[in-house]
J.: 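First the structure, then my questions, so here it is.
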Amino acid sequence: TRAAAPGGGGTRARAMQSIILPVHNAEPWLDECLNSVLQQDFEGTMELSIFNDASKDKSGTIIEKWKVKLEDSGILVVIGGHDSPSPRGVGYSKNQAIAQSSGDYLCFLDADDVMMSQRVRLQHEAAVQHPTSIIGCQVRRDPPDSTGRYTRWVNQLTPDQLLTQVFTSHGPTVIMPTWFCSRAWLSHVGPFDEGGQGVPEDLLLFYQHLRKGGGAVRVDQTLLLYRYHPQAATRSVLEATIWTHRVRFLEERALPHWAAFTIWNAGKQGRRLYRSLSAASRRKVVAFCDVDQNKIQKGFYCYEDSQERPKPRVPVLHFRAARPPFVICVKLDLTGGAFEDNLRSLHLQEGRDFLLFS
């Protein structure tokens with residue numbers, strides 16, 4: 001049983017932790033998920049705040065069964081929800097679960113994931129040290145080989161890259177199912193977007209967090225079993241929607257610092273980025289660069305859809321002939337290290353001389 005520290009001890013030791021758990025038709029995973037809450041080795045006060053978003057399976061029954069077990073072990077359980085015909089979505093559910101909870105710190109958990117027993121304790125320690133940061137952790141993917149490149153990226157980003165690689169298609173550099181932060185900071189950043197299916201609510205909140213000067217910190221231990229399965233809500237967001245948000249965020253946060261830049265990739269992704277930019281940003285593109293001799297021999301890319309006359313013609317150069325800064329539209333970890341070797345050979349500083357977009 002968890003008892004609050006006796007009088008005298010610092011208030012921080014007694015700060016309550018709220019685990020935020022939105023649930024929608026999570027019956028196959030819920031027992032394992034809730035058992036992982038019970039197994040937390042954090043010694044202070046914990047609360048589990050569940051919002052059941054119109055589940056039509058046995059999720060509600062499983063939650064009621066676990067409420068007794070959890071409360072017997074000293075964990076407060078708050079249950080909210082609704083049984084309308086259709087769910088209101090993940091953003092709404094998270095906002096509701098946060099609103100009905102009362103902890104000083106918020107530990108986000110997805111109903112299909114499993115926490116390691118030290119998760120709350122270690123992330124709370126980090127959050128006390130970094131009050132305006134979102135704290136993440138390393139993860140183990142299940143099934144293990146389902147998203148190899150993504151999992152390596154999540155687990156291996158350096159502390160600097162947690163802030164420089166925020167424009168890539170991978171999304172937030174500290175991933176949502178591992179988020180842990182103070183309630184005060186999250187309420188400063190603002191609620192999750194409640195647009196429902198098709199809205200990347202975690203990405204939008206992460207961008208808002210960065211706009212307000214928030215940091216990103218990862219606890220370098222595996223504290224979450226992170227499940228991958230076709231029903232996952234994350235997969236319902238259209239790639240085109242995320243692309244648009246990413247381009248706008250790049251234009252807002254990075255491109256104003258550069259008078260001119262080169263797009264690294266004269267192929268489809270690089271040209272798509274060029275076409276997606278505002279006219280003012282497009283005018284800053286001095287060249288594309290590449291390793292493909294066929295593209296380089298053409299000499300330039302002509303923007304056929306442009307309203308300008310003459311139509312813009314952007315030179316295509318070999319990467320060694322091109323000048324930084326670069327916006328890189330080449331996917332990492334795919335070419336057996338060849339691209340990474342080329343990039344390293346230029347001795348550039350990430351964030352200042354180049355940013356990764358793909």
J.: Keeping the roles fixed (side chain from Arg271, backbone from Ala266), state whether a donor-acceptor pair exists under 3.5 Å.
T.: yes
J.: Go through Glu251 and Arg282 one step at a time and tell me if the salt bridge (Lys or Arg N to Asp or Glu O under 4.0 Å) criterion holds.
T.: CA-CA 10 Å; Glu251 292 190 309; Arg282 264 201 304 271; over 6 Å; no
J.: State whether the side chain of Thr178 and the backbone N or O of Gly136 hold a donor-acceptor pair below 3.5 Å, judged by distance alone.
T.: no
J.: Are Tyr92 and Phe51, when compared by the centres of their aromatic rings, separated by less than 6.0 Å?
T.: yes
J.: Taking the side chain from Gln269 and the backbone from Asn265, do they hold a donor-acceptor pair closer than 3.5 Å?
T.: no
J.: Could you check Glu239 against Arg272 for salt bridge (Lys or Arg N to Asp or Glu O under 4.0 Å), going step by step and ending with a plain yes or no?
T.: CA-CA 13 Å; Glu239 188 273 342; Arg272 181 185 180 195; 3.1 Å; yes
J.: With rounding to the nearest 0.5 angstrom, report the CG to OG distance, Asn35 to Ser117.
T.: 11.0 Å
J.: Nearest 0.5 Å please: distance from the CD1 atom of Ile328 over to the OG atom of Ser358.
T.: 10.0 Å
J.: Val37 vs Val120, test: side-chain contact (heavy atoms from CB on, under 4.5 Å). Steps then yes/no.
T.: CA-CA 9 Å; Val37 173; Val120 169; over 6 Å; no
J.: Can Leu332 and Phe339 be said to form a side-chain contact (heavy atoms from CB on, under 4.5 Å), step by step?
T.: CA-CA 8 Å; Leu332 297 188; Phe339 166 72; 3.4 Å; yes
J.: Below 4.5 Å, heavy atoms only, C-beta onward: do Leu273 and Trp243 meet side chain to side chain?
T.: yes
J.: Determine, stepwise, if the pair His245 / Tyr207 fulfils ring pair (Phe, Tyr, Trp, His ring centres under 6.0 Å).
T.: CA-CA 9 Å; His245 287 303; Tyr207 283 171; 7.3 Å; no
J.: State whether a side-chain donor-acceptor pair under 3.5 Å links Asn52 with Ser55.
T.: yes
J.: Distance from Leu122 atom CG to Met116 atom CE, nearest 0.5 Å?
T.: 12.0 Å
J.: Would you find more than 12 non-hydrogen atoms of other residues, nucleotides or ligands less than 6.0 Å from Arg140 atom CZ?
T.: no
J.: Side-chain contact, heavy-atom cut-off 4.5 Å: Glu47 with Met16?
T.: yes
J.: Would you say the side chain of Pro172 lies within less than 4.5 Å of the side chain of Trp179, judging by non-hydrogen atoms?
T.: yes
J.: Hey, does Leu21 have a side-chain heavy atom less than 4.5 Å from the side chain of Leu34?
T.: yes
J.: Centre-to-centre under 6.0 Å for Trp29 and His229, is that the case here?
T.: yes
J.: Of Ser93, Ser59, Cys33, which is the lone residue that meets side-chain contact (heavy atoms from CB on, under 4.5 Å) with Val23?
T.: Ser59
J.: Is the NZ or CZ atom of Arg246 both under 6.0 Å from the centre of the six-membered ring of Phe167 and within 45° of that ring's axis?
T.: no
J.: Can you confirm whether the side chains of Glu350 and Gln165 place a donor and an acceptor under 3.5 Å from each other?
T.: yes
J.: In Å and rounded to the nearest 0.5 Å, what is the OG to CD distance from Ser18 to Gln100?
T.: 9.5 Å
J.: Check the pair Lys69, Asp72 against salt bridge (Lys or Arg N to Asp or Glu O under 4.0 Å), reporting the backbone distance first and the verdict last.
T.: CA-CA 5 Å; Lys69 283 189 199 178; Asp72 282 349; over 6 Å; no
J.: Could you tell me whether a side-chain N or O of Arg183 sits under 3.5 Å from a main-chain N or O of Ile98, the two making a donor and an acceptor?
T.: yes
J.: Taking the side chain from Asp57 and the backbone from Glu27, do they hold a donor-acceptor pair closer than 3.5 Å?
T.: yes
J.: List the steps and the verdict of side-chain contact (heavy atoms from CB on, under 4.5 Å) for Val154 and Thr151.
T.: CA-CA 5 Å; Val154 165; Thr151 307; 5.6 Å; no
J.: Strictly distance-based, threshold 3.5 Å: is any side-chain N or O of Glu201 a donor or acceptor partner for the main-chain N or O of Phe192?
T.: no
J.: Any donor-acceptor pair under 3.5 Å linking the side-chain atoms of Ser84 with those of His82?
T.: yes
J.: If you apply the rule salt bridge (Lys or Arg N to Asp or Glu O under 4.0 Å), what do you find for Arg227 with Asp112, and how did you get there?
T.: CA-CA 6 Å; Arg227 284 220 173 89; Asp112 51 351; over 6 Å; no
J.: How many angstroms lie between CD1 in Ile62 and CG in Asp31, if you round to the nearest 0.5 Å?
T.: 5.0 Å
J.: Mind checking whether Tyr150 and Trp153 have parallel, tilted or perpendicular rings, split at 30° and 60°?
T.: parallel
J.: Please check: side-chain N/O of Ser133 versus main-chain N/O of Ile135, any donor-acceptor pairing under 3.5 Å?
T.: no
J.: Would you say the side-chain atoms of Gln123 pair up with the backbone N or O of Val219, donor to acceptor, closer than 3.5 Å?
T.: no
J.: With a 4.5 Å limit on heavy-atom distance, are the side chains of Arg275 and Glu304 in contact?
T.: no
J.: Within the 4.5 Å heavy-atom criterion, are Asp142 and Tyr228 side-chain neighbours or not?
T.: no
J.: Scan residues 204-220 for pairs that pass salt bridge (charged side-chain N to carboxylate O under 4.0 Å, His left out), counting only residues two or more places apart or in two chains.
T.: Arg211-Glu252, Arg218-Asp220
J.: If we ignore hydrogens and angles and just use 3.5 Å, is the side chain of Thr173 paired with the main-chain N or O of Leu162 as donor and acceptor?
T.: yes
J.: Consider ring pair (Phe, Tyr, Trp, His ring centres under 6.0 Å). Of Phe319, Trp264, Trp258, which one does Phe326 pass it with?
T.: Trp264
J.: Quick check: do Leu106 and Ile19 have side-chain heavy atoms less than 4.5 Å from each other?
T.: no
J.: Does Glu194 pair with Lys94 as a salt bridge, N-O distance under 4.0 Å?
T.: no
J.: Quick one: salt bridge (charged side-chain N to carboxylate O under 4.0 Å, His left out) pairs with a partner in residues 120-130, sequence neighbours left out?
T.: Asp41-Arg121
J.: With rounding to the nearest 0.5 angstrom, report the NZ to CD1 distance, Lys284 to Ile263.
T.: 12.5 Å
